[in-house]
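A single structure is presented below for examination.
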Amino acid sequence: MDAVKIWVEDLIGLTGLTGDLVPILRHVVLALIAILLATLAGLLCRKLLVPLVKKVTARTEARWDEVLFNERVLVSACHIVPAIVVWLLLPLVFYQFPTVRELVARATAIYITVMVVRTVFVFLGSFKDLDEGRRSSSQQYFYSFIGVLKIIMVVIATIIVVGIVINRNPLTLLAGLGATSAVLMLIFQDTIKGLVAGIRLTSNDMLHVGDWITVPKAGADGTVEEMTLTTVKIRNFDNTIITVTPQTLVDDSFQNWIGMQEGEGRRVNRAVYYDFRQIRRIDAELRQQLVDKGYFKETDIKVGDVNMTLYRRYMEQYLRSHPLVNPNMTLMVRQLDATQSGLPVEFYFFLKEKSWEAYEQQLAEILDYIYAVTPDFGLLVYEHFPEQQGN
């Protein structure tokens with residue numbers, strides 16, 4: 001840079017300028033040169049260093065290096081390079097104007113601090129791209145730690161920036177926070193509670209990204225898309241998005257369907273009401289009808305059997321042999337307590353299909369068959385007809 005200063009002096013001498021304008025012109029030219037060098041350094045970083053790192057990471061078999069050192073991280077880091085160049089050249093540019101040098105140095109230091117924090121944030125955010133579906137408890141705990149780390153970095157960066165602005169040692173400001181810690185805890189009590197609740201959710205393995213949960217208080221019923229220490233983003237099945245705090249999930253109850261999703265089947269628990277007046281012992285005609293239609297063999301029907309008993313027995317065999325039903329899980333067709341609206345018969349079984357749309361379609365097909373064969377057993381589904389009021 002000394003050679004540049006001499007060159008600038010010679011250049012100004014060639015112009016023939018004298019007097020008070022010479023120092024000003026000298027510093028303006030040196031500042032423009034410093035800006036040009038800083039811009040050139042940033043351009044070389046983006047055009048040479050970024051493509052070089054991307055080529056190196058692309059040649060490796062590992063995927064994590066391409067994700068963590070992606071273009072966003074590298075470009076953000078390149079924004080720091082021009083500021084570093086300016087920082088190094090400041091003593092040689094404004095050597096005759098210490099006040100201007102001090103102001104520019106503080107602004108440059110603040111910029112470097114902010115950009116370093118931003119780059120680290122982008123780098124930490126890249127870890128989310130390593131997700132492949134549902135997070136494990138250890139992964140979620142790691143992401144929670146990242147959230148805490150971001151908050152700590154923001155606090156430290158704020159202290160450093162304030163220290164630069166008022167020209168005080170940041171360590172002195174950090175030590176002084178002890179006196180105001182009680183006030184800060186009162187102001188940020190909701191944030192602190194959210195942090196504690198988020199750590200409880202992750203450390204106890206209560207919730208993961210990709211889980212289907214139901215939160216009645218918040219009106220949420222959908223899949224968890226994002227979890228942080230302060231928010232949980234849920235996409236409902238109607239594609240609306242609801243954001244709740246971890247504190248809400250910890251303080252109130254919520255239903256996590258992951259057990260069903262990872263299990264061997266999804267439960268069906270439906271009750272159908274039958275008319276009491278149609279429940280009777282079978283006669284010869286009904287017996288022959290059941291045999292002719294293939295529901296039972298003649299040896300399977302005993303004298304005195306009740307049509308409801310045979311119906312429940314057949315429906316249980318039907319469900320157990322159905323290809324869509326998991327016979328290894330609980331399966332039963334049972335009577336519930338009698339009501340004024342007929343005799344409720346509960347169909348309790350598990351379908352192998354767990355996705356919502358296919359589950360509902362298969363369930364409807366089975367229920368359609370249950371309703372369709374009811375008259376063959378001499379039974380009727382109970383229907384309530386209100387009495388006609390006279391005119």
Side-chain angles (χ1 to χ4, degrees), residues 1-53 69-125 149-177 180:
M1 194 66 183
D2 291 334
V4 176
K5 289 170 59 178
I6 295 174
W7 177 78
V8 171
E9 293 283 356
D10 295 339
L11 183 63
I12 295 175
L14 293 176
T15 60
L17 292 176
T18 58
D20 296 337
L21 293 178
V22 174
I24 298 175
L25 182 60
R26 181 192 306 118
H27 285 81
V28 170
V29 174
L30 290 175
L32 291 176
I33 293 175
I35 294 174
L36 179 62
L37 292 176
T39 304
L40 181 62
L43 185 63
L44 291 176
C45 182
R46 289 193 299 271
K47 298 299 183 181
L48 296 180
L49 184 60
V50 172
L52 179 62
V53 174
F69 297 101
N70 57 65
E71 186 172 358
R72 297 193 309 273
V73 176
L74 298 176
V75 171
S76 180
C78 288
H79 289 158
I80 306 175
V81 175
I84 295 176
V85 173
V86 172
W87 176 270
L88 295 175
L89 296 180
L90 277 178
L92 301 175
V93 174
F94 298 104
Y95 59 92
Q96 289 182 328
F97 295 94
T99 303
V100 177
R101 182 180 62 190
E102 180 67 20
L103 293 176
V104 176
R106 292 187 187 184
T108 305
I110 293 174
Y111 177 82
I112 292 176
T113 302
V114 173
M115 292 308 301
V116 167
V117 174
R118 179 180 181 272
T119 301
V120 175
F121 271 34
V122 176
F123 176 76
L124 294 177
L149 183 61
K150 287 182 177 180
I151 294 176
I152 294 175
M153 289 187 60
V154 170
V155 173
I156 295 176
T158 302
I159 294 174
I160 293 175
V161 170
V162 172
I164 293 173
V165 172
I166 64 177
N167 197 22
R168 295 284 300 275
N169 189 342
L171 295 178
T172 304
L173 297 177
L174 188 62
L177 288 178
T180 58

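Starting from 1, each residue takes its place in the sequence as its number. Only heavy atoms go into these numbers, but all of them, side chains included; no hydrogens, no water, no symmetry mates.
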Name the atoms and distances for all side-chain donor-acceptor pairs under 3.5 Å in residues 34-53, with sequence neighbours left out.
| from | atom 1 | to | atom 2 | distance (Å) |
| --- | --- | --- | --- | --- |
| Thr39 | OG1 | Ile35 | O | 2.8 |

For a quick test of your reading: what N or O donor-acceptor pairs under 3.5 Å do the side chains of residues 110-117 make, sequence neighbours left out?
| from | atom 1 | to | atom 2 | distance (Å) |
| --- | --- | --- | --- | --- |
| Tyr111 | OH | His79 | O | 3.2 |
| Thr113 | OG1 | Ala109 | O | 2.8 |

### Query
What heavy-atom pair brings Val73 and Phe123 nearest, and what distance separates the two atoms?
CG2-CA, 3.8 Å
### Over all atoms of both residues, closest heavy-atom pair of Ser76 and Thr119
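Here Ser76 and Thr119 meet closest at OG-OG1, 2.8 Å.
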### Task
Drop me the distance from Ile33's CD1 to Leu89's CG, to the nearest 0.5 angstrom.
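Ile33 atom CD1 to Leu89 atom CG measures 10.0 Å (nearest 0.5 Å).
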#### Entry: Pairs touching residues 106-122 that satisfy salt bridge (charged side-chain N to carboxylate O under 4.0 Å, His left out), sequence neighbours left out
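Those involving residues 106-122 are Glu102-Arg106.
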### Message
Let me confirm one number: the CD1-CD1 distance from Ile164 to Ile159, rounded to the nearest 0.5 Å.
### Response
12.0 Å
